[in-house]
Amino acid sequence: MSAQGTPVPMQAHVSRNLSGCADVPGDKSISHRALILGALSVGETRVTGLLEGEDVLDTAKAMRAMGAEVTRDDDGTWHVHGVGVGGFAEPGQVIDCGNSGTGVRLIMGAMATSPITATFTGDASLNKRPMARVTDPLALFGAQTVGRSGGRLPMTIMGAADPVPVRYTVPVPSAQVKSAVLLAGLNAPGQTVVIEQEATRDHTERMLAGFGAEITTEITEEGRVITLTGQPELRPQTITVPRDPSSAAFPVCAALITEGSDVLVPSIGLNPTRAGLFTTLREMGADLTYENEREEGGEPVADLRARFSPDMHGIEVPPERAASMIDEYPVLAVVAACATGATVMRGVKELRVKESDRIDAMATGLRACGVEVEEGEDWWIVHGRGAGGVPGGATCASHLDHRIAMSFLVLGLAAQKPVSVDDGSPIATSFPIFEPLMAALGADIRRG
Ligand code: S3P
């Protein structure tokens, strides 16, 4: 289901002493991939810890529509009986991916080299987002696409009956594009090569290897050269989805800016392609420690402990770190507003084509809350007002963007006057337990 129903206004009031343990849900990126690769393998994949947010549930529905059997036990274990590489059935209905760019782009890639036709749509946010970044490389495999002007959804893809393998350099740092090409390469003969100049999250590569595909990554002068041998028989897996660092960001940042707080966020994946926010916060002077560092399912994991940090200062975030924290800039901007000095964020053009234009959405809301923000096409600067210095008192538009809604609610916990969002319903796409989890820590977040 997409976040298109009745808006849910929400309001965050100044809070103190957030404390306790925040068990955030499973990783969204890994959850999508577990369902899609499960559907492309032969036999039963079992998944525990799957994120049961709307985005992922939409992907589960799409996999069913393409012939996989996807079920959930009462204990929360998911079972995917796959159809095998090249085995997708033609869906009888339009595939609605709701709010999820990851869902639609990965599924388009996965079906583009099978001789089936599928039509994709989404909610008002997704239907504005650029799809040519995916359909351009899929055309090289032989897939054909008809969509709305500007390469927007709704869009129909006719998969290639005789796909050819592709060598493709990803023109923007995007794990979704990289993953769409790799998933298409699964049903092409020979070797598909994807080259990325900047490292983006590598969950697809890791998981493909886990399912038994032949895939290698070489670091060369061209960048990261990923080579996949097509038409493997993928072997079903048992997958434990780690907890999402992008969701952990909200209770962590809330604790850092809210007076008297001390919060533990256990078992968070610290894959270097995802953990840029935590490095940045520590450089800003955050009291954020990694406890019980360990490996789980081949991923580095730690319990994060975040305490109120009144002395944080702005920094220049290295642009080369952008891909590893691309979803975390909105909540970083909130922390920056509560720090002293300027936080400079460059090389972040991609923020303009997320669920919303995230630079514009955050800059507008922060200014309404009394924070000075400067912006250009691919950069922005937040001028911090120091701990307790943000006036607040505004209603901010969430633009159907879960991370914008959660970021402003976090700001309201530490602002002088309450901060409201016009619509908190998109939070259910990625973090359905956000409200009870934050309430259990002592955050005063209300509906209405
Ligand atoms: C994702 C990749 C990123 C990220 C998104 C999830 C993924 O998007 O913003 O939330 O799971 O591959 P881009 O690949 O477009 O940068």
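Whatever order the structure lists ligands and atoms in, that order sets their numbers, starting from 1. FYI, the numbering just counts along the sequence from 1.
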J.: Identify, by atom number and element, the atoms of ligand 1 in contact range of Lys354, meaning under 4.0 Å from any of its heavy atoms.
T.: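 So the answer, numbered in order with elements, is 3 (C), 4 (C), 8 (O), 9 (O), 13 (P), 15 (O), 16 (O).
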J.: Nearest non-hydrogen contact with atom 10 (O) of ligand 1 belongs to which option: Val172, Asp27, Asp327?
T.: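 Among Val172, Asp27, Asp327, the closest heavy atom to atom 10 (O) of ligand 1 belongs to Asp327.
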J.: So, is Ala175 polar-close to ligand 1, with some N/O to N/O distance under 3.5 Å?
T.: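 In this structure, Ala175 places an N or O atom under 3.5 Å from an N or O of ligand 1.
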J.: State the atoms of ligand 1, each with its element, that fall below the 4.0 Å cut-off from a heavy-atom position in Ile326.
T.: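 So the atoms of ligand 1 that pass are 9 (O).
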J.: Non-hydrogen atoms of Ser246 versus ligand 1: any pair closer than 4.0 Å?
T.: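 Checking ligand 1 against Ser246, which is what was asked, there is no heavy-atom contact under 4.0 Å.
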J.: Could you check whether Arg201 pairs with Asp327 (Lys NZ or Arg NE/NH1/NH2 to Asp/Glu carboxylate O, under 4.0 Å)?
T.: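 Asp327 and Arg201: salt-bridged.
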J.: What's the separation between atom CG in Asp73 and atom CH2 in Trp78, rounded to the nearest 0.5 Å?
T.: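 Output value for this atom pair is 10.5 Å.
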J.: In this structure, are over 12 heavy atoms from other groups packed under 6.0 Å from Glu214 atom CD?
T.: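 Counting neighbours around CD of Glu214, 12 or fewer heavy atoms of other residues, nucleotides or ligands fall under 6.0 Å, so no.
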J.: N/O to N/O below 3.5 Å, does that happen between Gln176 and ligand 1?
T.: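 It does: an N or O of Gln176 is found under 3.5 Å from an N or O of ligand 1.
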J.: Is it the side chain (CB and beyond), the backbone, both or neither of Lys178 that lies under 4.0 Å from ligand 1, heavy atoms counted?
T.: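 Within the 4.0 Å criterion, Lys178 makes no contact with ligand 1.
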J.: Show the atoms of ligand 1 that are less than 4.0 angstrom away from any heavy atom in Pro173.
T.: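 Checking each atom against Pro173, I get 16 (O).
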J.: What I want to check is whether the side chains of Thr200 and Lys178 have a donor and an acceptor closer together than 3.5 Å.
T.: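 Distance-only check passes for Thr200 and Lys178.
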J.: Tell me the protein heavy atom at minimum distance from atom 11 (O) of ligand 1, and give that distance in Å.
T.: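 Result: Ser29 OG, 2.7 Å.
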J.: Taking non-hydrogen atoms only, is Arg201 closer than 4.0 angstrom to ligand 1 via side chain, backbone, both or neither?
T.: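 The part of Arg201 near ligand 1 is the side chain, not the backbone.
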J.: Between the side chains of Asp23 and Arg243, is the shortest nitrogen-to-carboxylate-oxygen separation below 4.0 Å, so that they form an ion pair?
T.: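 Looking at Asp23 together with Arg243, the answer is yes, because their closest N to O distance falls below 4.0 Å.
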J.: Going by heavy-atom distance to atom 12 (O) of ligand 1, choose the closest among Arg33, His402, Arg105, His203.
T.: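 Nearest option to atom 12 (O) of ligand 1, by heavy atoms: Arg33.
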J.: Tell me if the CD atom of Glu218 is crowded by more than 12 foreign heavy atoms within 6.0 Å.
T.: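 No - once you tally the heavy atoms of other residues, nucleotides and ligands closer than 6.0 Å, there are 12 at most.
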J.: For atom CD of Glu233, is the number of surrounding heavy atoms from other residues, nucleotides or ligands below 6.0 Å larger than 12?
T.: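 Open.
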J.: Does an N or O from Glu350, backbone or side chain, lie closer than 3.5 Å to an N or O of ligand 1?
T.: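 Among all N and O atoms of Glu350, none is under 3.5 Å from an N or O of ligand 1.
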J.: Step by step, would you call Asp401 with Lys354 a salt bridge (Lys or Arg N to Asp or Glu O under 4.0 Å)?
T.: CA-CA 8 Å; Asp401 188 331; Lys354 295 294 175 187; over 6 Å; no
J.: Find all atoms of ligand 1 within a distance of less than 4.0 Å from any non-hydrogen atom belonging to Thr102, and give their numbers and elements.
T.: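 Listed by number with element: 1 (C), 5 (C), 6 (C), 7 (C), 11 (O).
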J.: For Glu293, does the CD atom sit with more than 12 other heavy atoms under 6.0 Å from it, leaving out its own atoms?
T.: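 Enclosed.
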